[in-house]
Number of protein chains: 2
Amino acid sequence: MPVTKGTAIDPARTRAGLLAAATDLLYRRGLDGIGVAELCTSIGVSKETLYRHFGSKDGLVEAVLQARSDRVTAWLAGAAADAGDDPEAQLTAVFDALGRWHAEPTFRGCALLNAATQWHDGHEGTARATAARHLDRRLELLTGIARRAGAPDPAALGRQLLALVVGATVLADLHPGAAPSAPRDAAITLLRAACPTVSNDQRSTDVTSSE
Amino acid sequence: MPVTKGTAIDPARTRAGLLAAATDLLYRRGLDGIGVAELCTSIGVSKETLYRHFGSKDGLVEAVLQARSDRVTAWLAGAAADAGDDPEAQLTAVFDALGRWHAEPTFRGCALLNAATQWHDGHEGTARATAARHLDRRLELLTGIARRAGAPDPAALGRQLLALVVGATVLADLHPGAAPSAPRDAAITLLRAACPTVSNDQRSTDVTSSE
DNA sequence: CACAGATCGAACCGTTCGGTACCATCTGTG
DNA sequence: CACAGATGGTACCGAACGGTTCGATCTGTG
C-alpha cells in the first residue's frame with residue numbers, strides 16, 4: 001500500500017522525520033550497525049523514498065551529522081549564554097550541561113566523534129570532515145570564554161579546555177563509574193590558573209567541595 | 001602450495017606474526033574496514049590457519065586488543081619510570097611520550113578506544129570491556145603519580161589527568177593542527193594546583209613558554 | 001620410511017549489504 | 001476529472017561478509 005491513506009503529502013516534513021529517526025537509530029546502533037533496509041522499516045518508510053531524499057546512505061549520514069552538530073552546538077552555546085556574563089560561570093554551565101548529557105541513559109558518546117572513528121577512512125571522509133568542523137565550533141565557544149576571562153593566550157587555554165571536554169565525553173561512555181565532576185573542576189582550575197585576575201569576588205569559592 | 005618450502009613449522013611464531021600483522025591492519029583500516037579474506041591474503045596466511053589459531057574474527061580482535069593494551073601500558077609506564085622519581089617529571093615524560101606518538105604519521109587514535117567505539121555493542125562487548133580495562137590501567141598510572149606527588153585526593157586528580165590524556169589522543173587524531181603541548185601544560189597546571197607542596201625547586205619553571 | 005601436525009589454496013555456504021527498478025496507490029493542483 | 005508528484009511494497013542485483021570444508025603438500029618426529 002503506497003502513501004498510507006490520510007497521510008498528508010509533505011516532502012519537507014517527510015525529510016525532517018526521516019532525519020530525526022535516522023539520527024536516533026544511527027546513534028544507538030552505529031553507522032555500520034544498522035543497514036538501510038532495517039533503517040527504512042524501523043522508520044516506516046520505503047527505500048525509494050529514502051534514496052530520493054538523500055541519494056545514498058552516505059548522504060543520509062552526512063545530513064544526520066550536520067543536523068546533530070548544529071543542534072548540539074546551539075544547545076551548548078545556549079547553556080553558556082544562560083549563565084550570564086561571568087566567564088567562569090559560563091564554563092561551569094558548559095561542563096554541568098555536558099555532565100547532565102553524559103548521565104542520560106541513552107548516552108553513547110558524541111555522535112560526531114563516534115562517526116569519525118567508525119568511518120575513519122573511506123566514505124570520502126565525510127564523517128571525519130564533519131567531526132573536525134564540529135570540534136572547530138566547540139573550540140570557538142571555549143576560546144571565547146577564555147578570551148572574555150582575560151586569558152593571556154585564549155587559543156592555548158581553549159585547546160586545553162577542548163581536550164577536557166572531549167576526554168570527559170569519551171570517558172563518560174567508555175569508562176564506568178567515577179565522579180562526573182572531575183572534568184568541570186579541572187576546567188575551572190585551568191581557567192583560574194591561566195587568568196590570575198579573573199572574577200576575584202568568586203576566588204574563595206571552593207569548587208571541589210560542591211560535589 | 002601448502003607450507004611454503006623451506007619455512008620452519010612453528011605454531012607459536014606463526015601466531016605471533018599473525019597477531020603483529022593483524023594488529024597493524026586492523027588499526028589502520030578499522031575492525032570492520034577489512035574482512036577476514038583480505039586480512040589473510042595481506043598477512044600471507046590461509047583462512048584455515050587463522051581460524052585454527054584464533055577461532056573467529058572476534059577472537060583475533062580480542063587477542064590483538066589485549067596484546068596492544070599490554071604493550072602500550074608497559075611503554076607508558078616505562079616512559080614514566082625513566083623520568084626518575086619526581087612526579088612532575090614523570091607526568092611531563094608521559095605527556096611528551098604521548099605527544100611523540102600522536103605526531104607519528106601512522107597515528108590514527110588509540111586502537112583500544114577506536115575498537116570500543118566501532119564495536120560499541122554486539123560482539124559480546126569484547127572491545128568495550130578490553131578498552132575499559134585499558135583505561136583502568138592508564139588511570140592507575142596517573143593516580144600513582146598524583147599520589148606520589150602528595151595530592152590530597154589522588155583519585156580525583158588521576159581522573160582529571162585521564163580525561164586530558166584521552167582528550168589529547170582523540171584530538172590529535174580528529175582535529176588538525178594546533179599546539180601539541182597544550183595537554184601537557186594543562187596536566188602540569190592541574191598537578192601543581194592540586195599539590196601545593198610539590199617540587200618547590202621546580203616551581204619557577206615556566207611551563208607554557210617551553211613550546 | 002611412516003605418520004602426525006601444520007599450512008596453503010580454493011571452492012563453497014548462507015547471510016547481509018547498499019542500491020535499483022517497477023508498479024500500485026495515494027495526495028495535491030489545475 | 002485529469003495529471004504530476006510522492007510514497008509504500010516487493011523483488012531483485014552484484015558484491016562482500018564470516019565461516020567451513022577438503023585435498024594437496026610441506027615439516028618434524030620416531
Side-chain angles (χ1 to χ4, degrees), chain A residues 1-22 25-26 29-65 115 118-119 121-124 126-127, chain B residues 1-22 25-26 29-65 115 118-119 121-124 126-127:
Chain A
M1 57 194 86
V3 179
T4 37
K5 200 169 171 178
T7 305
I9 282 189
D10 186 345
R13 184 172 299 269
T14 299
R15 186 191 151 98
L18 218 44
L19 208 57
L25 280 168
L26 288 171
R29 303 271 297 266
L31 302 189
D32 291 322
I34 187 170
V36 176
E38 188 184 351
L39 207 46
C40 289
T41 63
S42 294
I43 295 177
V45 107
S46 73
K47 285 175 99 176
E48 184 163 352
T49 298
L50 189 149
Y51 276 95
R52 183 153 18 80
H53 277 293
F54 298 100
S56 68
K57 187 181 182 180
D58 286 31
L60 172 66
V61 168
E62 177 68 17
V64 161
L65 294 182
Q118 289 163 352
W119 282 5
D121 295 319
H123 301 276
E124 280 109 43
T126 56
Chain B
M1 55 194 88
V3 180
T4 36
K5 201 170 172 178
T7 305
I9 283 189
D10 185 344
R13 182 172 301 270
T14 299
R15 186 190 152 99
L18 219 43
L19 209 56
L25 280 169
L26 288 171
R29 302 271 298 265
L31 302 189
D32 291 323
I34 186 169
V36 176
E38 187 184 351
L39 207 45
C40 289
T41 62
S42 294
I43 295 176
V45 108
S46 74
K47 284 175 103 177
E48 183 164 355
T49 299
L50 188 149
Y51 276 95
R52 184 154 18 80
H53 279 292
F54 298 101
S56 66
K57 187 181 182 179
D58 286 31
L60 173 65
V61 168
E62 177 69 17
V64 162
L65 295 182
Q118 290 162 353
W119 281 6
D121 296 318
H123 300 276
E124 280 108 44
T126 55

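Every value quoted in this text rests on a predicted model; they were computed, and no experiment measured them.
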[X] [atom1] to [N] [atom2]: how many Å, rounded?
| X | N | atom1 | atom2 | value |
| --- | --- | --- | --- | --- |
| A:Arg52 | C:dC22 | CZ | P | 15 Å |
| B:Leu18 | C:dT7 | CG | C1' | 12 Å |
| A:His53 | D:dA6 | NE2 | P | 8 Å |
| B:Arg15 | C:dT7 | CZ | P | 12 Å |

(message) Once rounded to the nearest 0.5 Å, what's the spacing between atom CG of A:Leu25 and atom CD1 of A:Ile34?
(response) 4.5 Å
(request) Could you tell me the separation between the CG atom of A:Leu50 and the OG1 atom of A:Thr14, rounded to the nearest 0.5 Å? (result) 11.5 Å
(request) Any chance you could list the contact pattern along nucleotides 13-20 of chain D? Use B for base contacts, S for sugar-phosphate-only contacts and - for none, protein heavy atoms under 4.0 Å, 5' to 3'. (result) ----SSBB
(message) Please classify the nucleic acid contact of B:Gly44 as base, sugar-phosphate, or nothing, using heavy-atom distances under 4.0 Å.
(response) sugar-phosphate
(message) Categorize B:His123 for me: base, sugar-phosphate, or nothing, with a 4.0 angstrom heavy-atom threshold over every strand shown.
(response) nothing
(message) My understanding is that a pair needs two contacts under 3.5 Å, Watson-Crick or G-U wobble. By that rule, which nucleotide pairs with C:dC26?
(response) D:dG5
(request) Answer yes or no: are there more than 12 heavy-atom neighbours, outside B:Arg52 itself, under 6.0 Å from its atom CZ? (result) yes
(request) Test B:Leu39 against B:Leu60 for side chain to side chain contact (heavy atoms under 4.5 Å, CB included), laying out the working first. (result) CA-CA 11 Å; B:Leu39 207 45; B:Leu60 173 65; 3.7 Å; yes
(request) Under the salt bridge (Lys or Arg N to Asp or Glu O under 4.0 Å) rule, collect the residues that match up with A:Arg15, sequence neighbours excluded. (result) none
